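The structure under discussion appears below in the form of structure tokens.
Bear in mind that the values here come from a model prediction, so they are computed numbers and not experimental data. A, B, ... follow the sequence lines: proteins, then strands. Residue 1 opens every chain.
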Amino acid sequence: MMEKILSRHFFNAEARKLSFYLNDGGYEAARNALTQMTPQQVADQVIRSNLRGLGGAGFPAGRKWSFIPKDSPNPRYLVVNCDESEPGTFKDRHILEWTPHSLLEGIIIAAYAIGASQCFIYTRGEYLHYARMLQAALDEACQAGFFGKNIWGTGFDLDVLIHLGAGAYICGEESALLESLEGKKGWPRLRPPFPAVSGLFGCPTIINNTETLSYIPAIIRYGGSWFAGLGTPQNGGLRLYSVSGHVKNPGVYELPLGTPLREIIYTHAGGIRQGRKLKAVIPGGSSTPVLRADEIDVRMDFDSLAAIGSLLGSAGIIVMDESTCLVKALAVLAKFYHHESCGQCTPCREGTGWMARILNRILDGQGVRDDLENLLRVAGNIRGTTICALGDAAAMPVFSFITKFRDEFESHVLQGRCLASK
Amino acid sequence: MSLQSFSDRLLSEISEILARYPQPRAALLPILHACQRESGYISRDTETAVAELVGIPAIDVRETVSFYSLLLDKPAGKYHLQFCTNLSCTLLGAEESVAAACRKLGVHPGETTRDNRFTLTTVECLGACDLSPSLQVNDDYYANMSAEKVNELLDKLK
Amino acid sequence: MSRPKDAMNRLRDPEALSFWQRTYVPEILRGLKLTAAHFFRNLLIHIFHLAGLWKDRRGAETVQYPEEVRGYSPRLRSLHRLTKRDDGSPRCVACMMCETICPARCIYIVATEHPDPNIEKRPASFDIDLGKCVFCGFCVEVCPEDAIRMDTHILNFAAYSRQEMVWDINRLLSNEPQRVEGIGEIRKVK
Amino acid sequence: MPTLTIDGQQVTVSKGATIMQAAEALGIYIPRYCYHPGLRVAGSCRMCLVEIEKAPKLDIACYRQAAEGMVVHTTTEPVKLARQSILEFLLSNHPLDCPVCDQSGECDLQNFYMEFGLYQSRFLENKIKRRKAFPIGRHVMLDNERCILCSRCVRFCEEVSRSHELGIVNRGDRSEIALREGSQLDNEYSGNVIDICPVGALTEREFRFQCRVWYLNRAASVCPGCSRGCNIELHYNVNRPHQSGGKRVLRLKPRFNAEVNKWWMCDEGRYGFEFIDAPSRLQDFEIRTAQRTVVASREQAVQTLSDWIGDSIDRHGSQSLGIFLSPKLSNEDLYGIGKFARHVGIDCLDFRNPSERPGYQDDFLIQADKNPNTRGCLELGLYRRSEDSGGWMAGEIQRGKVRVLIVFLQDLALAPEFQQVLGRLERLVFVGSNRNGTAEIASLVVPSATYAEKDGSFTNFEGRAQRFERAVVPLGSAVAEADLVASVAVSFGMQREEFERERLLSDLRREYPFFDQEALNPPELEWVYQTPIGQERL
């Protein structure tokens, strides 16, 4: 049985060519889906695969598709979230670079399943280079007749447009992404209505993550149950773990859901560089609660991480060794959320800047006794009161860093001394 | 001042972009990207002209341009150095690369050298944490930067 | 809650007077002694003063106001003054808090634009009608800018007309604070 | 029709109604900044967070729709904490400008902080500095430091005035209100953004530093600027006259009326009150002869007027008297004058100034007819139906038929038809509030009270009669027109009581069923755009 799906041909420049992909059985799944399956059968396979959204929230992909109202007279849209701005995550970039046709084939299948004839791929503006690679692949596929009018003579039309963002983390949030796609600033929308009911231009819209869609061809080809069997129960299949920070071999590792974090760090990513000791790991991108070194025996899947108070998020693993000053690390993250808060709703707009300023002051040795309580309180006041999840994302690291490494923070505040071993 | 100052090439690119979107406003970001590629930044006049093209109020274009960090409302140097200073890159010493670049170019982050060749900015995650510390110069990524590599690169770019 | 009640009881039941106290004679004698001592002391010192002697000793204990005054307490509420910024302009931003709280309604402010948008507002005129003022000090308490104070220790601002009792912004600004020294000490006024 | 429970009270609301609307129906006030009933819901200030049972977290009342069986709490600890924290966030970068801010006293940031706030600052950082106090239009000042980014003004310019001048630029806590390059906030309705701004970010240039708002008194009124009859409030200062240089009426604010003007009014109306305290106001009775003008007492003037009317009737009959009314007069004044005219037999009446041209109008509030009570004049029949304008009266004067003309408010000297013939009159009487060309040549000038100085009602172009109440006392010797007529009418055997305000109104309603309207009930002050000023404390 195959151990890798998407990463089989990573770092092989030939693999991004259509001819290579076709030789590998590419676009067969899409052709099968369109010619031999009903949209419902396609969706059923995806539901059976237990494939959960891989952009952060972990919502079951098949069920999301079912939210499209059956009777809407408006056109339906498929939007691919390829904004990938969560610090620590870079898997989508690898898909664009090495296996763009997996994504494109997944798009055909998903668009067929939801009845969309227009798809937008929203990529972050910094990925211009990678968007061009995707565009080249798309052009090849169009030439081959996989996109456009009347695909494979089924009467199904599909047009794909690659849309570049312009540098805003918030546009990875699905409703902000839609606003951005409509040419507006990326201010998240109030919900309900959810995008599946009223999304892009007020029409039913399904937004899937790049990685999610890229796995769909394999699911259709080998069946949903096969994919589900690759992972732990309720957490289907494989996923791409991005590993960065103080590891010997940072990169993307395609492993079954539920692979222990320790194994990912020490076996696949080669362990900590320079023989240092591990101090902390952020398991799922910058906004997920940090884990202490003694917590890394957790299985990397949605439920196991949630059980110990963290999140799988986008599976961007950031590894920090003993030389890391966690106050500094948190200040960097706080600066990030301050920079990226869209400014629409009060708690996030004012709170992210406040937290960043307190942390900077602490780093400057100007901390005062109440600072840590204040940080926790401000984070607590942001959490759960904002329009979108960015507020929560900004608050979670503050909670987890301060509660799990309180001594380091207190040492900084009270003694102006950093406990990190240099 | 308005559309007259747009080159024919740009105008035809814009009309091509407009044709691909179901609503003109949705084409705003691609059009702005096109304008920025043409002149290096988006001037207030360009904003007004684009607003006219897309058929939306000029303030809406202003809002959009000011919201996105990749859209510049003042010219950047020939080489726009964007150092990622997010967590993974900082962990591996991004700040040293930034400091080295600042020293070599004699500017602070956010500034442009007097000869308009380099603009140095620190940016948030570039989505290249495996290449940490990473640097984007215009559209190209540079991996595993260090003070020495920054100096080498700057020498080459000069 | 016991203390007030306790005090009340004490008021009603004073300590019993002793026999000598009930006669009042010792207290009368003590009183006489005090006044007599002053009488003879003053008599003696004044006679010596006439003879040009003992000039450094005060004749009587009474203060010879207005030639002499006693040092005032820093808490004294005297004539108002408006405090100044470094450039000499009034600190007052014409917020009207003092005018609003003034129970005598003796403050009249007209606001106008300050050229510096960070200050924004200044008084075009600021009048206090001292003929109406009750010297409650609320204006000082309420001022958010510490722009008005009553620490000039000026008490003699009587005037011959009601109009002269109205102090305008220039007069109020020209008042200076009085340094507090020797509270209760008697000083000659030069 | 969902039924829900808010703070233990049950209420049934229409489908699609929000929790905020349901709470309002129960009289429960939920604090808010970005929510305004006249604008699209933004949901961004998060001040109206409420607790909904079985919901995982607090939700905003302005957006969440009421659902059957929903149980909402607006005063529980989590809600209080949320409000405190939102206020703390809003204030973290808000300058402590209250002493110099014109909004203080009617500022929602102040009011809500006093009611729900934390009372102890835990913010030790430096506040963000922004551009302060600069004009962004003819009437509006912007202070970016004070702005809390509720976006009400932006939405107003998008949805109500549809002029799109304002936007929010940049992002995060660098966001601020900005105008399009080189443009100004100069639409016909720009003043409304001042009303809806919950803080002192947008303030009025005209009202700037004129008076602290807690010195202001309020009177319910009707805008006399055009025939729309927007419901307004007159804000006037009689407590501290020195602060505003003796001006009494300092600003007008729209008063909510769902049928007429909703929450809004136009700038033309808003700033059209200057005449009330203008130097051109007539304050004395003046009797003018060829040689000189003398100031007369009210008694003298009334006597003179009565004598002239009686004399003219005696010598030439009541046809020799003409009355030129004004559509700026109230229904009651018009009716009183008409009653008197009927009593003495004057039928030479009109109100249509032949020199008046229709003004600007739009499809929202502004009407071309700049008179507040044209419809009232028409309903009362105070004009000659056979003629298409008031110019016919010039002909009557020319022919020598009309010898004594009483002009109310209008400047007939401006009308070419009248310019030539006014000199032919034996007596020209001018009754008006402000000096004009007609007053200059009148042999008797009677100062009259403006709409701010008397009670009355105007009938708007749709036929809605609306009452306004007196704010200030008439300036100088000015009298209300009906009172003047009452004094004169006594000489002609009428009862003074017939001209009392309430009597005029009740007679009017009896005689003209048209005026028997619900809208004529006494107006109530409705504060919809701001919480009340704490006036009772002064």
Side-chain angles (χ1 to χ4, degrees), chain A residues 75 77 84-90 92-94 118 120 124-130 132 159 161 163-169 171 180-187 200-201 242-246 249-252 282 286 316 318-321 323-324 328-329 332-333 335-336 339-340 342-343, chain B residues 17 20-34 36-37 42 50 54-56 60-72 82 84-95 121-134 136 138-141 143-144:
Chain A
Y77 293 106
E84 189 167 64
S85 327
E86 180 81 4
T89 316
F90 40 88
D92 295 351
R93 200 187 88 234
H94 281 72
Q118 173 77 57
F120 293 94
R124 56 186 311 193
E126 292 89 341
Y127 281 0
L128 179 65
H129 182 66
Y130 305 99
R132 284 188 178 139
D159 189 27
L161 195 52
H163 184 98
L164 276 178
Y169 167 72
C171 292
S180 179
L181 200 45
E182 290 180 8
K184 300 168 191 162
K185 54 187 174 183
W187 274 16
L200 191 61
F201 313 122
S242 314
V243 186
S244 65
H246 293 138
N249 308 315
V252 175
I282 295 175
S286 65
I318 305 175
V319 178
M320 292 174 266
D321 69 17
S323 71
T324 312
K328 172 77 183 171
V332 167
L333 292 180
K335 180 181 80 120
F336 168 69
H339 185 259
E340 298 297 346
C342 79
Chain B
I17 293 170
R20 302 189 64 184
Y21 282 87
Q23 287 185 7
R25 175 151 194 171
L28 184 57
L29 279 187
I31 290 175
L32 290 172
H33 277 306
Q36 182 158 311
R37 270 198 297 280
I42 296 163
V50 168
V54 179
I56 55 172
D60 290 10
V61 182
R62 179 88 271 280
E63 281 186 346
T64 305
V65 171
S66 67
F67 186 85
Y68 294 98
S69 52
L70 288 187
L71 300 176
L72 308 175
Q82 299 161 77
C84 174
T85 54
N86 209 296
L87 187 53
S88 296
C89 292
T90 299
L91 287 176
L92 296 170
E95 287 177 341
T121 48
T122 57
V123 297
E124 296 304 341
C125 187
L126 288 171
C129 317
D130 51 338
L131 313 176
S132 298
S134 57
Q136 194 176 16
N138 298 343
D139 294 330
D140 301 319
Y141 278 61
N144 305 326

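With chain A as partner, the option from B/Gln36, B/Gln82, B/Gln136 having the largest number of non-hydrogen pairs under 4.5 angstrom is B/Gln136. Of the residues considered (A/Leu164, A/Leu181, A/Leu200, A/Leu161), A/Leu161 shows the highest number of contacts with chain B, using heavy-atom pairs under 4.5 Å. Chosen from A/Gly88, A/Ser286, A/Gly316, A/Gly251, the residue pairing most often with chain B at heavy-atom distances under 4.5 Å is A/Gly88. Of the residues considered (B/Leu32, B/Leu126, B/Thr64), B/Leu126 shows the highest number of contacts with chain A, using heavy-atom pairs under 4.5 Å. Annotation: maximal heavy-atom pairing with chain B below 4.5 Å, among A/Asn249, A/Asp321, A/Ile318, occurs at A/Ile318. Heavy-atom pairs under 4.5 Å with chain A peak, among B/Leu28, B/Val61, B/Asn86, B/Val54, at B/Asn86. The choice from B/Ala26, B/Cys84, B/Ala27 that makes the most heavy-atom pairs within less than 4.5 Å of chain A is B/Ala26. Chain A forms the most heavy-atom pairs under 4.5 Å with one residue out of B/Val123, B/Asp140, B/Leu92, B/Leu131, and that residue is B/Leu92. Contacts with chain B were tallied for A/His94, A/Lys335, A/Glu340; A/Lys335 has the most, counting heavy-atom pairs under 4.5 Å. For the set A/Gln118, A/His246, A/Glu86, the count of heavy-atom pairs under 4.5 angstrom toward chain B peaks at A/His246.
How far CG of B/Asp139 is from CZ of A/Arg132: 5.5 Å, rounded to the nearest 0.5 Å. Interatomic distance, B/Ser134 OG to A/Phe90 CZ, rounded to the nearest 0.5 Å: 10.5 Å. Atom OG of A/Ser180 sits about 4.5 Å away from atom CG of B/Leu29, to the nearest 0.5 Å.
Only the side chain of A/Phe120 comes within contact range of chain B, with at least one heavy atom under 4.5 Å from a heavy atom of that chain. Using a 4.5 Å cut-off between heavy atoms, A/Lys328 contacts chain B through its side chain alone, with no backbone atom that close. With a 4.5 angstrom heavy-atom cutoff, B/Ile31 does not touch chain A via any of its atoms. Looking at B/Pro24, there are no atoms closer than 4.5 Å to chain A (heavy atoms on both sides), in backbone or side chain. For A/Cys342, the parts sitting under 4.5 Å from any heavy atom of chain B are the backbone and the side chain alike. Neither the backbone nor the side chain of B/Asp60 has a heavy atom closer than 4.5 Å to any heavy atom of chain A. Neither the backbone nor the side chain of A/Val252 comes within less than 4.5 Å of any heavy atom of chain B. Residue contact with chain B, scored on non-hydrogen atoms closer than 4.5 Å, involves the backbone and the side chain of A/Glu126 alike. Only the side chain of A/Leu333 comes within less than 4.5 Å of a heavy atom of chain B; its backbone N, CA, C and O stay farther away. Only the backbone of A/Ser85 comes within contact range of chain B, judged by heavy atoms closer than 4.5 Å. In this structure, no portion of B/Ser66 lies under 4.5 Å from any heavy atom of chain A. Only the backbone of A/Thr89 comes within contact range of chain B, with heavy atoms under 4.5 Å apart.
Between A/His163 and B/Tyr21, the closest side-chain pair of non-hydrogen atoms falls below 4.5 Å. Residues B/Cys125 and A/Tyr169 form no side-chain contact, since every pair of their non-hydrogen atoms from C-beta on lies 4.5 Å or further apart. In this structure, A/Val319 and B/Leu91 have side chains that are not in contact, with every pair of non-hydrogen atoms separated by 4.5 Å or more. B/Glu63 has its side chain out of reach of A/Lys184: every pair of non-hydrogen atoms, C-beta onward, lies at least 4.5 Å apart. Residues B/Asp130 and A/Arg93 are in side-chain contact: their nearest non-hydrogen atoms beyond the backbone lie under 4.5 Å apart. Using a 4.5 Å cut-off on side-chain heavy atoms (C-beta onward), B/Leu87 and A/Ile282 make contact. In this structure the side chain of A/Val332 never reaches within 4.5 angstrom of the side chain of B/Thr85, judged on heavy atoms.
Contact between A/Ala166 and B/Tyr68 at its shortest, heavy atoms only, is O-CB, 3.2 Å. Considering all non-hydrogen atoms of both residues, A/Pro87 and B/Cys129 come closest at C-SG, 4.5 Å.
Panel note: side chain B/Ser88, backbone A/Ser244; no donor-acceptor pair is recorded below 3.5 Å. Looking only at distances, no side-chain donor or acceptor of A/His339 sits under 3.5 Å from a matching main-chain atom of B/Glu124.
Salt-bridge check for B/Arg20 with A/Asp159: failed, with every basic side-chain N at 4.0 Å or more from each acidic carboxylate O.
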